[in-house]
Amino acid sequence: MAERPFISSIQKLMGASVSQQRAAAKNIANQNTPGYRRIEVDFREVLRSVNNTQTVKLEGTKVQHLAALRDRQAEQVKAVDSGDPIEEGKVNNVDLDTEMGVMAKTQLYYQVLTRVMRGRFQKLNNSITGQTR
C-alpha cells in the first residue's frame, strides 16, 4: 500500500495539468472578450497540498471493503483569476503568446508525469509477475 500515496500524488498533478490546459484554452477562446480576466492554476498550491498529504484516508461502505479512491470532485483543481493587470488600451489581460507557452509547458509536464506513472506501474507489474530486466 506504499504505492497509493505516490500514485495519488501523481494523479493529482496530472489533474492539475489538465485543469491548466483547460484554463489556457478558455483564455485563448476569450482573447477578444472585453473585460475578460485571465485564469490559471496555481501549481505551487497544488504541490503544497500534495506534499502535505502524508496519510491516506480509507473509507468503505462495508467492513469487508477497502476504501475507494477519494471523491474525485474534491480533488479537481480549480483555475482562478491570475491577478494580472489589464494594460491600458487592451480589451483584457490575455496574451496569446503567453497562453501558447503555458500550453506547451503544461503538455510537456503532463508527458513527464505520464512516464513516471507508467514506470511505476511497470515496476509493480514486474514485482507481481516476477519479471526482471
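Since the structure is predicted, the reported quantities are computational estimates derived from the model, not experimental observations.
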Nearest 0.5 angstrom please: [X] [atom1] to [Y] [atom2], how far?
| X | Y | atom1 | atom2 | result |
| --- | --- | --- | --- | --- |
| Glu99 | Lys26 | CD | NZ | 12.5 Å |
| Leu47 | Glu45 | CG | CD | 9.5 Å |
| Ser49 | Leu13 | OG | CG | 8.0 Å |

Tell me every residue that passes side chain to side chain donor-acceptor pair (under 3.5 Å) with [X], counting only those two or more places apart in sequence or in another chain.
| X | result |
| --- | --- |
| Asp81 | Arg37 |
| Asp95 | Thr98 |
| Glu40 | Arg38 |
| Asn93 | none |

Asn125: partners by side-chain contact (heavy atoms from CB on, under 4.5 Å), with sequence neighbours left out: Gln122, Thr129
Transitive ILVMFWY side-chain link Phe43 to Val80, under 4.5 Å: no
Shared hydrophobic cluster, Ile7 / Val18 (ILVMFWY, side-chain heavy atoms < 4.5 Å): yes
Expected output: side-chain Gln20 to main-chain Val41 donor-acceptor under 3.5 Å: yes
Solution key, residues 100-119 side-chain donor-acceptor pairs under 3.5 Å, sequence neighbours excluded:
from: Thr106; atom 1: OG1; to: Val102; atom 2: O; distance (Å): 2.7
from: Thr114; atom 1: OG1; to: Tyr110; atom 2: O; distance (Å): 2.8

For Asn92 against Tyr36, the heavy-atom pair lying closest together: CB-O, 2.9 Å
Derivation and outcome, side chain to side chain contact (heavy atoms under 4.5 Å, CB included), residues Ile28 and Leu96: CA-CA 6 Å; Ile28 291 170; Leu96 187 58; 4.0 Å; yes
Any donor-acceptor N or O pair under 3.5 Å, side chains Ser19, Lys78: no
